[in-house]
Each structure stands twice: as C-alpha cells, then as structure tokens.
Number of protein chains: 2
Amino acid sequence: MIDLMSRYDPSAFPPFAVTVDLVVLTVREHELCALLVRRGEPPFQGYWALPGGFVRPDEGLGEAASRELAEETGLRAHTSGGQIAVGAHLEQLATYGHPQRDPRMRVVSVAHLALAPDLPTPKPGGDARGARWAPVRELLGPAEADREPLAFDHALILADGVERARSKIEYSALATAFCPEEFTVGELRRVYEAVWGVALDPRNFHRKVTGTPGFLVPSGGTTTRQGGRPAQLFAAGGATVLNPPMLRPES
Amino acid sequence: MIDLMSRYDPSAFPPFAVTVDLVVLTVREHELCALLVRRGEPPFQGYWALPGGFVRPDEGLGEAASRELAEETGLRAHTSGGQIAVGAHLEQLATYGHPQRDPRMRVVSVAHLALAPDLPTPKPGGDARGARWAPVRELLGPAEADREPLAFDHALILADGVERARSKIEYSALATAFCPEEFTVGELRRVYEAVWGVALDPRNFHRKVTGTPGFLVPSGGTTTRQGGRPAQLFAAGGATVLNPPMLRPES
DNA sequence: CGTGTTTATCGTCAAAGAGACGACTATGAT
DNA sequence: ATCATAGTCGTCTCTTTGACGATAAACACG
C-alpha cells in the first residue's frame with residue numbers, strides 16, 4: 001500500500017485533500033452548545049470554525065475524527081459499547097465536497113458528530129488557538145445575515161449536525177451521551193429540553209423513560225444536587241434504539 | 001480555483017482519490033433489488049460491484065453521484081421536489097475510507113443511495129460492462145462465507161444502504177420513490193412488504209396511508225392492473241415526513 | 001419549628017393510534 | 001353462475017400519549 005502510494009501518478013486521478021471536521025455538542029446550563037476554535041491563519045483567519053484537520057495517509061476516517069476529538073477535548077470516543085471514564089459518542093455525519101468550499105484547493109471534508117457530557121473545563125483545549133463552547137441558538141438562531149459567520153461551510157455542517165442530534169435522540173438512547181455516567185431522570189429530561197428547545201412534562205417523561213426496557217438501569221444511589229426531593233440515580237442501559245420513539249412535541 | 005489547483009504541492013497534504021459509489025435500489029417482482037456492474041479490470045476483475053467512479057475536479061459530490069446514476073441507468077436524480085418523467089430519489093449515504101479498502105491507492109468513497117421505480121429495461125446499462133439487478137436477499141441474506149463476494153467493501157456499503165432504506169421508509173414518504181408516478185395503495189403496500197420482507201395487513205395499511213395528510217393525493221383514475229377490484233390511483237403527495245411513523249412490525 | 005419552594009414520583013382519565021379481523025364490493029377467470 | 005382476487009369500509013380491543021391532580025422528600029427562610 002505504501003509502496004503503491006509512492007508510485008502514485010497525479011495524472012491518473014484528480015488529487016483531493018481529505019479532512020475531518022467535528023461537530024462536538026454538549027449541554028451546558030440548559031443550552032445546547034457546539035465547540036468552536038478560532039482560526040489562526042488564512043483563509044478565514046480570525047473566524048470561528050469547527051475543529052478538524054487532515055486525514056493522515058495511514059489512518060481511517062473514524063480514527064482521524066477520534067484523534068482530532070482527543071486533541072481538542074481530551075475525550076476518548078467510542079461508537080458504541082466500550083465505556084471509558086471520559087467518553088463521547090462519535091458517528092459520521094456527512095461529507096461536504098463542493099468544489100469551491102476551500103479557496104486553496106479541492107478539499108473533501110468528512111464531518112463527524114460527537115455528543116459529549118458537559119466538560120469541567122470551561123474553555124476546552126490545550127491547543128494554542130482559542131476555543132469556546134458557543135450556544136447553537138446564537139449560531140443558528142438569528143437570520144443568516146445577522147449572525148457571526150463561521151469559516152468555510154461550517155455553518156451548514158453545524159446545522160446538519162444539530163438536526164441529526166435533535167432527530168436521533170427521538171428514536172435512540174443517545175441522549176444519555178450528554179449525561180455523566182450517573183444521572184437522574186430530571187437531568188436527562190433537561191437534556192431533551194435543551195436539545196429540542198421545548199419544555200416537557202416531568203411526569204410523562206418519567207413514565208416514558210423508566211418504562212422503556214433497557215434505556216435506564218438504576219445504579220442504586222440517589223442525589224439531591226438539583227435541589228428538591230432526592231432523585232434516583234441511573235446509568236445508561238444497553239438499549240440503543242427506543243421503540244416506540246420519544247416524539248418531539250408540537251409536530 | 002483551477003489556477004490554485006495547478007499550484008498544488010503534493011507534500012503539503014496527503015493526496016487521496018475520491019470516488020462516488022451508488023447503492024441503487026428498486027423493487028422488482030416483490031423483491032428488493034440492487035444494481036450491480038461487473039468489473040472489467042483489476043482489482044477484483046470479474047467481481048460484481050456497485051456502480052461508481054471518480055469525482056471530477058470541478059464537480060460536487062452530489063453532481064458526481066447524479067452523473068454516475070444517469071450513466072448507469074438513464075435516471076435523472078432529484079433530491080426532493082422537482083418531478084421528472086423518469087426520476088429517482090438520491091441522497092448521500094456515508095463515506096468509506098479505510099486505508100486498505102483499495103489495494104491500488106488511498107481511495108475515499110462517498111456512497112450515495114438511490115431509490116428508483118422498477119425500470120422497464122431488464123438489464124440496465126448502455127455500458128459495455130455487464131449489469132444486473134440482484135435481489136438483496138441473495139446478496140446479504142446468506143452467511144458471509146456462503147454468498148458471492150462483492151468487490152472492495154461494497155457488501156458493507158450495500159448493507160448500510162439497505163438498512164438506510166428500510167428505516168427511512170418508516171418515518172418518511174420515500175417509499176413512493178419506488179413506485180411509478182401513479183400507483184395504488186396495494187402497490188405501495190407491496191413496496192413496504194418487499195423492502196421490509198414482511199407481510200402487512202392490507203386494511204390497516206390502507207387506513208394508515210390514506211389517513212396520513214399529504215402522503216398520497218388521489219389522481220382521479222382507477223386501475224385493475226393487479227387483478228381484482230379496480231383500485232384508486234394516487235400520486236405522491238407533498239409530505240416528506242410521516243408523523244406518526246409507519247412502524248415496522250415484530251419489533 | 002413551621003411554612004413555603006423546589007424537584008421527584010405515582011396515579012387517573014380521556015383521546016388517539018395500532019393490531020386483529022369481519023364484511024362487503026368490483027373486477028376477471030372458469 | 002360461481003369462484004378467486006384484490007380493494008375498501010367498519011368494528012373492537014389494547015396500548016400509548018398528553019393533560020394534570022396528588023403526594024413525597026429535600027432545602028430555605030422566618
């Protein structure tokens with residue numbers, strides 16, 4: 001493979017650069033937030049952008065996304081089962097390859113979606129560039145002309161990622177990826193409320209999630225960290241799909 | 001852009017080849033079938049493969065997929081509204097970029113999913129290579145060791161495409177993409193039955209689809225082409241999402 | 001200590017939807 | 001004329017949802 005690469009003939013096929021971009025979402029203070037980094041060089045110098053980078057010659061697309069995620073946030077990604085202390089859900093989102101999306105060259109970007117619990121670090125990083133959690137309401141809510149523009153087509157990628165997250169928590173158990181290892185039903189409900197931007201009835205929500213087999217498993221303890229009556233603590237169960245789904249209200 | 005491409009420096013980023021591969025599905029004789037082409041050259045010479053090809057330097061990913069679809073089948077693709085006499089639904093599926101997926105070089109393939117009505121031509125083409133509609137039951141049903149292997153990782157791509165189609169007709173009106181412009185409720189039901197591989201109750205199905213606003217619009221006529229009592233003809237309505245969804249039985 | 005506030009949890013009721021299935025209709029085949 | 005086939009309308013029951021009352025267990029305040 002490496003040998004063949006060195007014999008690569010540029011006239012045989014059009015050369016592309018391939019990158020991964022990450023839509024990293026979390027819930028902070030009742031708000032869905034996305035991770036942005038500030039670009040230090042042209043093009044779009046000084047603009048906020050999604051974290052990402054080139055795919056290396058010997059790594060797969062998921063590996064590249066996982067590596068970028070670890071570099072930016074310290075999160076270990078897992079696509080399904082394997083539990084790690086600080087873990088995030090990671091999945092491929094879509095691929096963006098408009099010929100003029102990068103003015104320098106032909107770049108195809110394989111966007112990935114990561115869902116992470118609220119991180120203790122207020123400004124994630126380790127990187128020299130600035131980084132911040134930006135509420136998606138500020139990034140996507142206002143009319144396109146009024147909001148701060150993101151680099152490249154990252155506003156489109158972000159919008160696709162947010163929509164994927166919003167629809168996926170309907171029929172999968174992925175909302176638990178936004179929660180710490182142990183959480184209460186109320187905390188899970190606030191995740192749904194933040195991602196969807198709606199208010200849910202606490203009683204019906206409680207009935208629904210505790211009645212869905214495999215969604216939640218009681219972990220024994222209780223907590224009072226939200227105030228009020230102590231709530232039972234749960235961990236994510238093995239279920240990945242919710243059947244029947246949790247439907248978004250006001251359809 | 002073109003100027004910048006000619007100044008491209010191979011040392012600046014790893015060069016990749018980018019292709020599109022197509023999972024083209026249709027329903028023929030109560031069976032979900034996928035379009036395959038026979039490879040005329042190495043690697044995997046003589047194997048059956050998904051249709052596809054290189055993305056050209058000046059075309060987008062969707063454009064490339066649409067062009068390949070037209071070359072292989074004569075279908076004009078439309079991603080949503082625009083009605084064309086012979087049209088198919090086309091959407092991006094996922095991107096496959098394992099470093100060793102092509103022994104010749106590093107290739108990233110952006111797979112697309114196309115859903116088409118049954119075509120009059122038994123063997124589609126125009127291409128010199130052989131082409132056929134293969135029942136997915138034969139391609140994916142048997143144990144992996146027993147079935148005829150497809151080229152590259154195309155069995156994986158096909159499986160992902162089939163699963164996408166199966167789940168997408170649950171909550172969207174996409175099943176109509178498998179039907180001709182005018183169709184009966186029974187014909188639509190047979191599409192669901194073929195894609196899911198189950199039997200559905202004709203009475204409940206009829207109630208469900210005719211009761212979902214915007215799914216079907218009566219087109220006036222009736223037909224008796226299926227035998228039995230004449231059935232009312234419908235065209236696809238404007239609805240794209242089904243709420244509540246059509247649930248797969250036996251979950 | 002009592003009272004109010006907050007959050008969690010259980011229960012009830014009506015409406016909507018799904019699954020099972022009976023009954024009737026309109027065509028072609030024999 | 002009778003049968004087979006496919007389409008369409010209804011009915012009944014069970015499950016699920018959405019709305020909301022009621023109770024429980026903590027903390028904050030006077």
Side-chain angles (χ1 to χ4, degrees), chain A residues 29-30 169-171 179 182-194 196 198-235 239 241-251, chain B residues 29-30 169-171 179 182-194 196 198-235 239 241-251:
Chain A
E29 298 160 22
H30 284 216
I169 64 173
E170 277 191 290
Y171 57 89
C179 295
E182 287 194 326
F183 54 89
T184 68
V185 173
E187 287 164 350
L188 183 63
R189 176 170 48 82
R190 280 181 277 276
V191 164
Y192 274 92
E193 291 178 333
W196 285 344
V198 299
L200 300 175
D201 183 285
R203 297 155 291 188
N204 292 337
F205 184 87
H206 188 279
R207 178 183 58 190
K208 173 77 179 174
V209 297
T210 57
T212 300
F215 194 3
L216 303 180
V217 294
S219 65
T222 60
T223 185
T224 180
R225 62 180 169 232
Q226 297 290 338
R229 170 177 165 180
Q232 202 179 349
L233 283 170
F234 294 88
V241 296
L242 261 40
N243 201 320
M246 174 100 63
L247 292 173
R248 256 184 281 196
E250 195 179 6
S251 53
Chain B
E29 298 160 22
H30 285 215
I169 64 173
E170 276 191 290
Y171 57 90
C179 295
E182 288 194 326
F183 53 89
T184 69
V185 172
E187 287 163 351
L188 183 63
R189 175 170 50 81
R190 280 181 278 275
V191 164
Y192 274 92
E193 291 177 333
W196 285 343
V198 299
L200 300 175
D201 184 285
R203 298 155 290 188
N204 292 337
F205 184 87
H206 188 277
R207 178 183 60 191
K208 173 77 180 175
V209 297
T210 57
T212 300
F215 194 3
L216 303 179
V217 293
S219 64
T222 61
T223 183
T224 180
R225 61 180 168 233
Q226 298 290 340
R229 170 175 164 180
Q232 202 179 350
L233 283 169
F234 293 88
V241 297
L242 260 39
N243 201 315
M246 173 101 61
L247 293 173
R248 255 184 281 195
E250 194 178 5
S251 52

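Order of the sequence lines fixes the chain letters, A, B, ..., with proteins taken first and strands second; residue numbering starts at 1 for each chain.
Between A:Lys208 atom NZ and D:dG18 atom P the separation is 9 Å, expressed in whole Å. For the pair A:Phe205 CZ and C:dT9 C1', the computed distance is 14 Å after rounding to whole Å. One atom, CG of A:Leu216, and another, P of C:dT9, lie 11 Å apart when rounded to the nearest Å. If you take CG of A:Leu200 and P of D:dA19, they are 11 Å apart, rounded to a whole angstrom. Rounded to an integer number of Å, the gap from B:Met246 CE to C:dA18 C1' is 12 Å. Note: CD (A:Glu187) to C1' (C:dT6) measures 15 Å, nearest angstrom. Counting to the nearest Å, the P atom of C:dA8 and the CZ atom of A:Phe183 are 13 Å from each other. C:dT9 atom P lies 12 Å from atom CG of A:Leu188, rounded to whole Å.
The phosphate of C:dA8 (OP1 or OP2) has no side-chain N or O of A:His206 nearer than 4.0 angstrom. Close to C:dA8, at under 4.0 Å from its OP1 or OP2, lies a side-chain N or O of A:Arg189.
Annotation: the span from B:Thr210 atom OG1 to B:Phe205 atom CZ amounts to 9.5 Å, rounded to 0.5 Å. Distance check, rounded to the nearest 0.5 Å: CZ of B:Arg225 to CZ of B:Phe183 gives 10.0 Å.
Sequence order on DNA chain D of the closest nucleotides to A:Asn204 and B:Ala231 puts B:Ala231 first from the 5' end. For A:Thr224 and A:Asp201, each mapped to the nucleotide of DNA chain D holding its nearest heavy atom, the one lying further toward the 5' end belongs to A:Asp201. Nearer the 5' end of DNA chain C, as judged by each residue's closest nucleotide, is the contact made by B:Pro244, out of B:Pro244 and B:Gly227. Where A:Arg207 and A:Phe234 meet DNA chain C, the nucleotide closest to each residue was compared, and A:Phe234 sits on the side nearer the 5' end.
With hydrogens and angles ignored, the 3.5 Å screen pairs a side-chain donor or acceptor of B:Glu170 with a backbone N or O of B:Arg248. Between the side chain of B:Glu193 and the backbone N or O of B:His30, no donor-acceptor pair lies under 3.5 Å.
Residue side chain B:Arg203 does not reach the base of D:dG10 through any donor-acceptor N/O pair under 3.5 Å, judged by distance alone.
Heavy atoms of A:Arg225 sit nowhere under 4.0 angstrom from any nucleic acid atom.
Of all non-hydrogen atoms in A:Leu200 and A:Val198, the two that sit nearest each other are CD2-CG2, 3.9 Å.
Here the nucleotide nearest the side chain of A:Arg229, chosen from C:dT7, D:dA22, D:dT8, is C:dT7.
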